[in-house]
> 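Have a look at the structure that comes next, please.
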Protein chains: 2
Amino acid sequence: MTGRPTITQLAAELGIAPSTVSRAFTRPNLLKPETVALVQKAAEAAGYVPNHHARALSTGRAGAIGLIVPDIANPFFPPLVRAAQNYASDLGLSVFLADTDEDANREDRLISRMAPQVEGLIVVSSRLPSARIRQIADSQRVAFINRDVAETYRVLLDTTAAIRSALTHLSELGHRRVAYVGGPPQSWANKQRRSAVDNFSKVHALEVTHFSADPGTYDAAKALADSVAASGVTAVIAFDDVIAHGLMGGFAAAGVDVPKELSVIGCDDTLATTTFPALSTIAVNVGAAARRAVAALSENPGSTNLTGARIIFEGTLVLRGTTGAVRPTSSPLTLEPELDHPSARGVQTGRGSDS
Amino acid sequence: MTGRPTITQLAAELGIAPSTVSRAFTRPNLLKPETVALVQKAAEAAGYVPNHHARALSTGRAGAIGLIVPDIANPFFPPLVRAAQNYASDLGLSVFLADTDEDANREDRLISRMAPQVEGLIVVSSRLPSARIRQIADSQRVAFINRDVAETYRVLLDTTAAIRSALTHLSELGHRRVAYVGGPPQSWANKQRRSAVDNFSKVHALEVTHFSADPGTYDAAKALADSVAASGVTAVIAFDDVIAHGLMGGFAAAGVDVPKELSVIGCDDTLATTTFPALSTIAVNVGAAARRAVAALSENPGSTNLTGARIIFEGTLVLRGTTGAVRPTSSPLTLEPELDHPSARGVQTGRGSDS
DNA sequence: CTTTTCTCTGCAAACGTTTGCAAAACAAGG
DNA sequence: CCTTGTTTTGCAAACGTTTGCAGAGAAAAG
């Protein structure tokens, strides 16, 4: 009936001051060890648990952070959420999760609503315009993941180098025409990957065709498979694993063999070895990115915003079963590609490890 | 420098009482419309946002609920999280997310720590012993999903009827020997599904062999595929889609054709049509379950716990490409099975719809 | 035995809201 | 103009902590 016991009740029960009880939890070294023990015993017995709201009000520290993602159902995000939550928990922070449903307005509203209630916000793959992001970053403690706006605190999963490796590898396998199948157009990662493909395809004299599986879903990619297959490319690099998987589904349905007729490389390594054949992809360390962002939020509790920084984690190419030599029936290979980069740099075989 | 403005500052600025400002937001109908407008304008200009902690302390209502899942990376949970978060948001509630990592102790700690800070807790697929669950439910506002303990508030995704349909269907296709490949042993759903298979296989005179892909991962299931194939069954019902998918991966690697040589049926419909062939499965309405749980928490804000209830949402069988007639080379079908139930009850073809 | 220095504990104010109660303002009825 | 009733606003206490400051002892130093 009396509900949960409070510090004041505990204090009354023990005949001591509330401040003493408080200190028994927050600064035990200020107290006589026996007093601490006494309080702890009583607290245990009474089932006392501190009220976070009161604490937050008094200290100004919320004990929580917010995490905003575009679509929790996309397999890229759960591992990120998990890592963030685990690490936050280690730091004594709880995490609020919110899903923007890929909607920029919703995202904006969520940021405004949550920011004042937490010690900081992590916004992943923001769909907001750069100007707005800069504005937000100016007055709120927010760390962005996979969104590169100058003077904000951002941690980026950079796949540029890995894409270069991928193209080098494809080139060595004799591929000359490759496709890039993009995902959500507003996505920073999509733009970054697309231009990486464009840039490095030039150095290997590869011809690249662009496609876009717009909403970035399995079904959208699957529907695109026929056009891709018909375009005459012999290899495709997809924005992410689910698009790669969708394409494979489409190819299988159309009877085109992967990797014999078409090589495919995904990105993000969200599917591990669950495709058949196992998907060659670019593994990224989402866990590290999440932890870095959480750490940033917990670091300068005082300041009203985060100082600009650009933290990069590089992805690595992992070769599995969906990449192979170009089909011998194609035009025979006459000129050897000029390799100005070690082909196996940053390449890893088998399952990517997450540190 | 002054940080975010407070109600008191706003009041001072306008020359009115803090209580008036407060009421402008919480009970505007008590105030003269012009006053409300005045306050709103000033608030807007000053960028005022209410402090949830102060409000929570004053009202005793936290404005947040907690959601505890065993493993957010398991594809069963993200849609549930998403639905819960969306609905909570509609009700003006934020949601804390926590991941127990399949660890009962961690789960217990999380419940204790979170419960006092929120208006209620949703615990999904709890791994805690029943006695402890009853104890928790006694004094905390918690709704369980997929865990059936008497006198607690629980919402269950019941697949019993759908499994009966599945077995009927398999029986009609001529199957006589089926396997059940289980998931996490402590899981209520696993026990429920296993016994459903046992019970209804009897009515169709099916012989069932049991397997367990213990941690419930793709890899564990894949490793099990050979034994399953060697056991002589012609159809398998898996605890969930990821296990079904793992088995399919193993079968593909071993060269056994699905569905020609072996039919497989998954559960939960987490993979939609992303497998090849598209997986026949049992669709469950996780969204409805999540919303029901959120609603329950928001319903009796006063009471210290939830009154016992057992809410059931039934799954439906959805037939796609992994089920087929038993191979003609097997022992020829001699006796017609006795069908005491309409075979197509609750059966649906194609993609499951989520209301 | 004083004085000084520590160690330990208590007092009371603050954090930003909400809300019961009462005062003030206004309108209506006589 | 005085009641009475209604609407609108203000006062002040409360929610459960934390923390600066100061007081009370105890230990150390003289």
Side-chain angles (χ1 to χ4, degrees), chain A residues 2-40 42-43 46-64 92 113 115-119 301-302 304, chain B residues 2-40 42-43 46-64 92 113 115-119 301-302 304:
Chain A
T2 60
R4 315 224 135 276
T6 76
I7 262 191
T8 326
Q9 287 173 14
L10 262 194
E13 199 171 302
L14 294 170
I16 62 181
S19 43
T20 304
V21 178
S22 171
R23 281 191 268 256
F25 297 112
T26 52
R27 279 174 187 41
N29 47 328
L30 284 187
L31 259 43
K32 203 157 54 177
E34 318 143 38
T35 315
V36 175
L38 184 76
V39 171
Q40 278 177 346
Y48 168 78
V49 297
N51 181 320
H52 278 185
H53 301 294
R55 195 197 295 255
L57 188 56
S58 187
T59 62
R61 328 186 68 257
R113 268 211 346 211
Q117 326 297 342
V118 297
E119 299 195 18
T304 156
Chain B
T2 60
R4 315 224 133 275
T6 75
I7 262 191
T8 327
Q9 288 174 14
L10 263 193
E13 198 171 304
L14 293 171
I16 62 181
S19 44
T20 304
V21 179
S22 170
R23 281 190 269 254
F25 296 111
T26 52
R27 277 174 187 44
N29 48 328
L30 285 187
L31 260 41
K32 205 159 51 177
E34 319 144 38
T35 315
V36 175
L38 184 74
V39 171
Q40 278 177 345
Y48 168 78
V49 298
N51 180 320
H52 278 185
H53 300 294
R55 194 197 297 255
L57 187 56
S58 187
T59 61
R61 325 186 69 255
R113 268 208 350 208
Q117 326 298 341
V118 298
E119 297 195 18
T304 155

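By convention in this document, chain letters (A, B, ...) are assigned in the order of the sequence lines, proteins followed by strands, and residues within each chain are numbered from 1. Please read these numbers as outputs of a predicted model, since none were measured by experiment.
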> When we call it a touch if two heavy atoms are under 4.0 Å apart, what does B:Thr6 touch: a base, just sugar-phosphate, or nothing?
sugar-phosphate
> How close do B:Ala17 and B:Ala11 get, heavy atom to heavy atom, and via which atoms?
C-CB, 3.8 Å
> Which residue lies toward the 5' end of DNA chain D, A:Leu57 or A:Arg27, if each is placed at its nearest nucleotide?
A:Leu57
> Indicate, with a heavy-atom threshold strictly under 4.0 Å, whether A:Tyr48 touches base, sugar-phosphate, or nothing.
sugar-phosphate
> Nearest whole angstrom, please: distance from the C1' of C:dC6 to the CG of A:Leu30.
13 Å
> Using a 4.0 Å heavy-atom cut-off across all strands, classify A:Thr59 as base, sugar-phosphate, or nothing.
sugar-phosphate
> Name the nucleic acid region contacted by B:Arg23, choosing base, sugar-phosphate or nothing; use a 4.0 angstrom heavy-atom cut-off, strictly under.
base
> Calculate, to the nearest 0.5 Å, the distance between atoms OG1 and NE2 belonging to A:Thr59 and A:His52 respectively.
10.0 Å
> So, does the side chain of A:Ser19 form a donor-acceptor pair with the base of C:dC11 at under 3.5 Å?
yes
> So which atom in A:Ser22 and which in A:Ile7 form the shortest heavy-atom distance, rounded to 0.1 Å?
CA-CD1, 3.6 Å
> For B:Thr20 and A:Asn29, find the nucleotide of DNA chain C closest to each by heavy atoms; which residue's nucleotide sits nearer the 5' end?
A:Asn29
> Any side-chain to backbone donor/acceptor pair from B:Gln117 onto A:Pro50? Under 3.5 Å, distance only.
yes
> Please tell me if the side chains of B:Arg27 and B:Asn29 come closer than 4.5 Å, counting only heavy atoms from C-beta onward.
yes
> State, to 0.1 Å, how close A:Val118 and A:Ala62 come at their nearest heavy-atom pair, and which atoms those are.
CA-CB, 3.8 Å
> First and last nucleotide of DNA chain D in contact with chain B, 5' to 3', at under 4.0 Å to a heavy atom: what are they?
D:dT8 to D:dG16
> Would you indicate what A:Ile16 reaches in the nucleic acid, counting non-hydrogen atoms under 4.0 angstrom: base, sugar-phosphate, or nothing?
sugar-phosphate
